[in-house]
Amino acid sequence: MTTSKPGRIAVVGSNMVDLVTYITRMPAPGETVEAPEFEIGFGGKGANQAVAAAKLGSAVGMVTKVGSDIFGDNTLKNLADHGIDTRHAVKVAGRSSGVAPIFVDPSGENSILIVKGANADLSPADVDAAAEMLRAADLILMQMEIPPETVAHTVRRAAEWGVRTILNPAPATADLRVDDLRDLSFLVPNETELALLSGLPTGTEAEIEAAARSLIARGIGTVIVTLGGRGARLVTRERVVPIAPVRVTPVDTTGAGDAFIGSFAHFLAATGDVEGALGCAARYAAHSVTGRGTQKSYATAEAFDAFCRTLPQTA
Ligand code: RIB
């Protein structure tokens, strides 16, 4: 499923520099603990999703803001090195770039702090300035490391242009209003984000379905709930489809959600098949957790095909 015509993906979103410490355990308050390793990498949910789609072969453009520091220059170069259109990646004078101190434990689980920096300045006016690029896209991707009003504005404008939208409401924030998402095509929350947005419990399968349906009743097209090791659920007005998890031994789970969403956008734009695209995205995200870091753990189309050949055949 990686060989169809590549699509055009636009990302209105964040970029960060990830400061990743591999730890044996978190220090208690007031305690100092030595950690074995440290790495710097390119991250940010928006940039991660953009890079995943670009590595798979989509034509990708990004609307984003970096600071006037060395991280900003390096981030712009990194996006360009991945073939991403950076005409609307803007450097903000006097601002720091976004940074994310990340701690990864021996089981591969992560804890993340984010400092938004210039990402907090991405405005509805920046979206309008990029209208020509955005309206030519097959899909526009967004996350919540930029201001909620910019997300809401993008959803509205995209609906006017007839361009489908995907929102990953991460990190979870109470600032996002469901009424602003009435024109959204795909919402991709985890259970926590779904609970926050719907105001409903998400502890059981039945509750997850009811919470997703409540958002669909308020105008959102389709809800895809990510459930970590339990796979995902595609919820539409008519049906709920389980997306099976792909079992691997994790090394570093950071950015797996972004791998899932960026690759979902790629496969959906290339094939038009939502369910098939989600199956591929589950495999792509599984591959990403077998390597360290975020963007550098994402497979190219060729590496992804090779990984898929190692998996047990299901149907
Ligand atoms: O989703 C993972 C990402 O979250 C990291 O790359 C970090 O930058 C934060 O944005």
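All ligand and atom numbering here is 1-based and tracks the order in the structure. Here the structure is a predicted model, which is why all the values come from computation and not from measurement.
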Between D105 and R25, does any NZ, NE, NH1 or NH2 come within less than 4.0 Å of an OD or OE carboxylate oxygen? no
Below 4.0 Å, non-hydrogen atoms only: which portion of K45 touches ligand 1? Side chain, backbone, both or neither. both
Among protein heavy atoms, which lies nearest [atom], and at what distance?
| atom | answer |
| --- | --- |
| atom 1 (O) of ligand 1 | D258 OD2, 2.7 Å |
| atom 9 (C) of ligand 1 | E145 OE2, 3.5 Å |
| atom 8 (O) of ligand 1 | D18 OD1, 2.5 Å |

Got a sec: does the CD of E34 have more than 12 other heavy atoms crowding it under 6.0 Å? no
Heavy-atom contact under 4.0 Å between G44 and ligand 1? yes
Return yes if a side-chain donor-acceptor contact under 3.5 Å exists between D126 and S123, otherwise no. yes
Sub-3.5 Å donor-acceptor pair from the side chain of R247 to the main-chain atoms of G229, do we have one? yes
If only atom types and distance count, is the side chain of S68 paired as donor or acceptor with the main-chain N or O of A93 below 3.5 Å? no
Run the numbers for me: atoms of ligand 1, each under 4.0 Å from some heavy atom of [X], listed by number.
| X | result |
| --- | --- |
| T294 | 6 (O) |
| G43 | 6 (O), 8 (O) |
| M16 | 8 (O), 10 (O) |
| A100 | 7 (C), 8 (O) |

Take the angle between the ring planes of Y284 and Y298 and call it parallel below 30°, perpendicular above 60°, tilted in between. tilted
Might you point out which heavy atoms bring G44 and D18 nearest each other, and give the distance in Å? N-OD1, 4.0 Å
